[in-house]
Amino acid sequence: MVDKMEGVIGGVVNSADYSVPIETVYVSNLEERVKIEELKAALHAVFDHYGTILDIIAKISLKRKGQAFIVFDQQRSVLDAVEQMDGFEMYGKAMRVLIAKTPSDETVKRKAPGEFDEHKKRRTISKAQKEAALAKELQAKGPDSTATTATRARPVKTGAAAIPDEYVRPNKVLFLQNIPADVDADTLTAIFERFEGFKEVRLVKIRNVAFAEFEDEQFAITAKENTAGMAIGEEGKSMKVTYQRQ
DNA sequence: AGCACA
């Protein structure tokens with residue numbers, strides 16, 4: 001069993017404080033401009049391959065963005081995912097995939113319900129200690145103590161399939177697919193010129209695709225969020241909107 | 001950079 005609060009005395013909680021295995025993957029260096037729901041869907045699609053995903057936790061707050069916790073139902077999935085997905089490129093960025101430091105609520109609830117209360121208490125304590133330590137540091141030292149962390153740029157995974165359209169890094173040009181034959185450039189222009197920063201639409205009729213260019217990617221991001229899946233043409237076909245491959 | 005679960 002787990003011995004009382006020992007683990008948090010030093011302010012550090014880790015997997016040794018638990019009797020349950022870590023069944024959660026911690027992902028960082030994720031593209032921060034992608035909407036949370038879309039990000040979760042993308043992560044699900046990719047990590048699904050390693051087993052059953054019980055939950056994905058991702059937040060937009062400053063301290064949390066660009067990170068996600070993916071909860072599996074067994075440790076095997078975590079080990080496989082860490083081994084194979086670290087460095088995988090999504091939205092143009094190589095994600096870091098690590099074993100989470102502590103088990104998720106979900107895991108404790110499932111595997112050791114008797115320890116759940118303690119798990120929560122431990123978190124409260126370590127959070128308080130962390131804040132106290134931070135406040136102290138801020139007071140003692142000036143804002144000058146910049147710790148240099150070597151950000152090792154791991155090589156991007158190669159050999160994997162080309163990045164799917166959905167995961168192409170956001171940029172100023174939108175790639176429009178499933179454009180019906182009865183939709184012309186003027187119609188598309190009418191749709192996209194309503195968005196700020198619009199420059200032009202280029203239609204490639206024989207391929208049923210088009211490109212909508214904006215002044216910068218922020219404008220393109222907004223336009224994409226508001227037009228993805230939009231029904232167009234006589235038959236109201238759903239238009240696919242992604243970013244142009246670079 | 002940043003390890004959470006309002």
Side chain of A/A100 (C-beta onward), nearest among B/dC3, B/dC5, B/dG2: B/dC3
Separation of atom NZ in A/K93 from atom C1' in B/dA1, rounded to whole Å: 11 Å
Residue pairs involving residues 37-61 of chain A (criterion salt bridge (Lys or Arg N to Asp or Glu O under 4.0 Å); sequence neighbours excluded): A/E38-A/K224
For atom CD of A/Q129 and atom P of B/dC3, their distance in whole Å: 15 Å
I'd like a table of donor-acceptor pairs (distance under 3.5 Å, sequence neighbours excluded) in which one partner is a side-chain atom from residues 186-197 of chain A, with atom names and distances.
residue : atom : partner : partner atom : Å
A/T187  : OG1  : A/D184  : OD1          : 2.5
A/T189  : OG1  : A/A185  : O            : 2.8

Separation of atom NZ in A/K40 from atom C1' in B/dA4, rounded to whole Å: 11 Å
Whole angstrom value for the distance that separates C1' of B/dC3 from OH of A/Y26: 5 Å
Those residues of residues 59-68 of chain A lying under 4.0 Å from DNA chain B by at least one heavy atom: A/K59, A/L62, A/K63, A/R64, A/K65, A/Q67
Spacing between A/K130 atom NZ and B/dG2 atom P, to the nearest angstrom: 10 Å
Sugar-phosphate only, base, or nothing, as touched by A/L30 at under 4.0 Å among non-hydrogen atoms: nothing
Residues that A/E166 engages under salt bridge (Lys or Arg N to Asp or Glu O under 4.0 Å), provided they are two or more places apart: A/K240
Side chain of A/E32 (C-beta onward), nearest among B/dA4, B/dC5, B/dG2: B/dG2
Nearest-Å distance for atom pair CZ/C1', residues A/F72 and B/dC5: 17 Å
Inter- and intrachain pairs under ring-ring contact (aromatic ring centres under 6.0 Å, His included), touching residues 208-236 of chain A, at least two apart: A/F175-A/F211, A/F198-A/F214
Donor-acceptor pair between A/E115 and A/Y18 side chains, under 3.5 angstrom: no
Interatomic distance, A/N29 CG vs B/dA1 C1' [rounded to whole Å]: 10 Å
OP1 or OP2 of B/dC5 under 4.0 Å from side-chain N/O of A/K127: yes
Pair A/E89 + A/R169: basic N to acidic O under 4.0 Å: no
Residue list, ring pair (Phe, Tyr, Trp, His ring centres under 6.0 Å) with A/F47, at least two apart or on another chain: none
Gap between atoms CZ and C1', on A/R122 and B/dA4 respectively (whole Å): 15 Å
